[in-house]
Amino acid sequence: MTNTVTEFYKALTAKVDETLKAQGDYGKIVIQIGSATCENAAGAVDVMDEFSKHIQSSGREDIVIHRTGCTGRCSKEPIVGVHVPGKMPVKYERVNRDVVHKIFTSHIQKGLPLAEQILDGSIDPDQQLEFLFCEGRRCGVDAPVSYREIFERKLKEAGVGEDKVRITAASCFGACQGQCGSRAHVLVRPLRTLYSVSSEADVDLLVQKQVLKHEEVPSLKVTDKPIYQEFFDLYGDVSFFNRQSRVAMRNSGILDPESLDEYVKFGGFKALATSLGKNDPEWVINEVLKAKLRGRGGGGFLTGKKWQMASQQPEKTRYLICNGDEGDPGAFMDRGMLESDPYSIVEGMMIGAYAIQACKGFYYIRAEYPLAIKRIQNAIEKCRAAGILGDNVMGSGWSFDLEIRLGAGAFVCGEETALIRSIEGERGQPKVRPPYPVVRGLWGKPTAINNVETFANIPAIINYGGDWFASIGTEASGGTKVFALAGKVKHTGLVEVPLGTPLKKVVFDIGGGVQDDLPLKAIQTGGPAGGFIPAKWADMEVDFDPLAKAGSIMGSGGMIVLSDEDCMVDISKFYLSFTQEESCGKCTPCREGTTRMLEILEKITSGKGELSDLDRLERLARLCQQTSLCGLGRAAPNPILSSLKHFREEYIEHIVEKRCKAKKCVALIHYEINAEACIGCTVCARNCPVECISGSRKEPHVINQERCIKCGQCFEVCRFDAVERV
Amino acid sequence: MSHAAANTDNWAEVKAAAEAVLPEHIVAFIEQNAKNAHSESQLIAILHLVQSHFGYLGQEQMHAVAQLAQIPYAKVTGVATFYHYFRLQPRGKHIINVCMGTACYVKGADKLSQRLMDELGIHFGETTKDMMFSLESTRCLGTCGLAPVIMVDDQVYGPVTPAEASIILEKYLKKGKLPKASEAKA
């Protein structure tokens, strides 16, 4: 049986090679354009259209447009990459039709990159080489001095200026296998060469040969291609990206999410072939156990353990479900992966299904994600056509099929028992556990449910080994975690870091710090089920247990940065109003508890709170936490409890002083016009919807507080900052 | 219980009436499903189809689904009312979705929605009298990098200031008038 699978895989890769060769795109200039929901919203479709027109009218045949998924650099989209063979890949930010024209005429026609539009101003087009030094948590830690500093010094001695060679401190490349600590890895862009150095002499060799003579140094070269290399080759120059370690998102922004050929070219379905080839489902489970992969949907249960339990059930009809019901406000990593690398999720799911010997798998995806649904559907159909999915998978004799089921906008369906009800076509109300779904799930059969990101990690674990994966993370949990970084942060987007990375590093090194350089107030993780981590704890390592200890949760990976301009009471109220609305109504503590807690928060934010409300709030929160039926109700009070723990003084301020320091709670603020700053331009008076601003032209104006509805219109339109919010 | 076994003499009539309400592709989908195991589990998928065809789930359509799929009407309405995605009322020509995700909220989605409500004179979940706009709030469109975001039909706009929101509305109002002008010419 082993032979048939291996042969099938060989034939598959050979066929793909042929197809890609026949396309004849090798050696051409590649224009890479992202195409996820967010990219399209930012105008990627227009950009693609404009590039096609330009290529057509120029008559050049050495240029191809390559559609990719999304790299997760949301605030700078649409992003366009221009890869001229042998030159440094250049990425452009916020491209529109005009910029397309400039890129085409300057960069592509004349070879002069458009410096002012380069993503994050990351590269200087004159630099010919970039050396990325791995400064991951394990690379070169035993070295006496950082090899990067030695390299810097030697370059200076050799008289090579910064204008020619760029040096970057990057995150782990994933190249370390067994020799962690003593050696450091260095990636040279755009040559795509990876070196491993372990002494000063090695570094000297790099300078003498690679830099000065443009010769390779074969003795130091690493021949195995580490998992992140492809990503660093393309994106290594951008600080937002080079501090990340991409395992789950290894293909996002690199390959065409709709092309099976490309996925296979980048090593796709090798992991499935390996798993099937072993003819031993237990081997897969053991690898995943070794990897210490914990469920990425929020619960953090060991995936290997879950699969083991499912595989030990006497019932042979088993199901596997991929939970893509990403309902957390502010979280979009599942969408990113489903849209940008759907084949990885399909492969991960198939490996999981093989491990538990499931006969059928279901994708449960939100109806709000039409592009994700379309791409998964496309992936399923292409895999079926290629003999990878369906009867006799890859010639192994094992049969398995996948089906998509749509959600319909119920947050609670992210909870596993509710999700099962929803797939069964019922109202998505949770059930009492135990029995857990691995024992009795979909239609009463053993069912394993895993998150999108969990599945995305599986092919990497099989390809690179469970031990390798475990070595990336912390003692307790292996691998990386994808976060959706948003809120008051400079660079928003998808961030994947090894577990154990300090929160601070995510917000400042990758996120570029707080917007407008305001002080960081707190970091909210885990969405409406999570809590607040105060700024003073920003050194904390991201992992399941430390976050739980701080009163928050890892959750599915939302990470919202809050600054001094955010009111904790207001944000807690926001989250609670979300869970209150999403409560399915089945159990009393959650249905009534969230409603009453919301009432109390509304009372406080409208300036009618009493100190006794805080005790009542806390008591209710604990009750709801301890007695609710499912995870939604049990976690709903987390924002309140953690904000009460870390920011109690803000609640007291609202209640006692009737003051909202962040000036967010409308009832507690009012607007005044500073008579000295007001020049009497009358703009505010003309814009006031209730006409409560009086004053003649060129005279200071006054707001009639009794009639003012605090809409803030005057505050926004005043060009002299004369309207003050107090 | 299958309708063949139940000796109801007016089944042919009921079936024909139900089929007249729903478009062919939905009837075909239901019939196709009936042959598979766990066919009742496709109820949500059927309702998705009905909503995308009619824009909402009317009583008549839900009744037809119940008859054809042989699922109790009470269960059909139970499911339809449980999920936020399903609407029981017809909606305006353009659907404005204001994203109320955390990132958008932090960046001023509340002010944005206030402005839209003021301009349109309706609240969330309502439709303007001229059936032009329906205003809805939605949970995170997943484009947090562009916050605050609104989505009009399938087009996402962001970041949107309250003033820009008015301009966007204007654009759709003008667009709405264009076909009328061409009709006049014709």
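Nothing here was measured: the structure is a model prediction, and the numbers come from that model. For the numbers below, each heavy atom of this structure counts, side chains included, while hydrogens, waters and symmetry mates do not. Chain naming here is simple, since letters A, B, ... match the order of the sequence lines and numbering starts at 1 in each.
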When [options] are compared by non-hydrogen pairs under 4.5 Å with chain B, the top option:
| options | answer |
| --- | --- |
| R405(A), K488(A), R73(A) | R405(A) |
| A484(A), G428(A), P528(A) | G428(A) |
| E77(A), E581(A), K664(A), E39(A) | E581(A) |
| G407(A), G43(A), S422(A) | S422(A) |

Answer yes or no: are there more than 12 heavy-atom neighbours, outside [X] itself, under 6.0 Å from its atom [atom1]?
| X | atom1 | result |
| --- | --- | --- |
| E403(A) | CD | yes |
| Q155(B) | CD | yes |
| K586(A) | NZ | yes |
| H25(B) | NE2 | yes |

Would you say that [X] contacts [Y] through its side chain, given a criterion of any heavy-atom pair below 4.5 Å between the two side chains?
| X | Y | value |
| --- | --- | --- |
| K75(B) | R427(A) | no |
| P329(A) | Y105(B) | no |
| E368(A) | M151(B) | no |

E40(B) versus chain A, the contacting section by heavy-atom distance below 4.5 Å: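 Answer is both: backbone and side chain atoms of E40(B) are under 4.5 Å from chain A.
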
Check step by step if side-chain contact (heavy atoms from CB on, under 4.5 Å) holds for R366(A) and Y85(B). CA-CA 10 Å; R366(A) 296 177 77 192; Y85(B) 198 81; over 6 Å; no

Write down the atom of [X], the atom of [Y], and the distance for their closest heavy-atom approach.
| X | Y | result |
| --- | --- | --- |
| H48(B) | A367(A) | CE1-CB, 3.4 Å |
| Y83(B) | E426(A) | OH-O, 2.8 Å |
| A408(A) | I44(B) | CB-CG2, 4.3 Å |
| H84(B) | G409(A) | CD2-O, 2.8 Å |
| P162(B) | E716(A) | CG-OE1, 4.2 Å |

Examine whether an atom of [X] lies under 4.5 Å from a heavy atom of chain B, and if so say whether it belongs to the side chain, the backbone or both; otherwise answer neither.
| X | value |
| --- | --- |
| D328(A) | backbone |
| C413(A) | side chain |
| V717(A) | neither |
| Q429(A) | both |
| F411(A) | neither |
| E339(A) | neither |

Find the one option among V79(B), T161(B), D110(B), T81(B) whose heavy-atom pairs under 4.5 Å with chain A are most numerous.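 So the answer, after comparing V79(B), T161(B), D110(B), T81(B), is V79(B).
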
I need the contact set between residues 558-566 of chain A and chain B: heavy-atom distance under 4.5 Å, sorted by residue number.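 Heavy-atom contacts from residues 558-566 of chain A to chain B are I560(A), L562(A), D566(A).
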
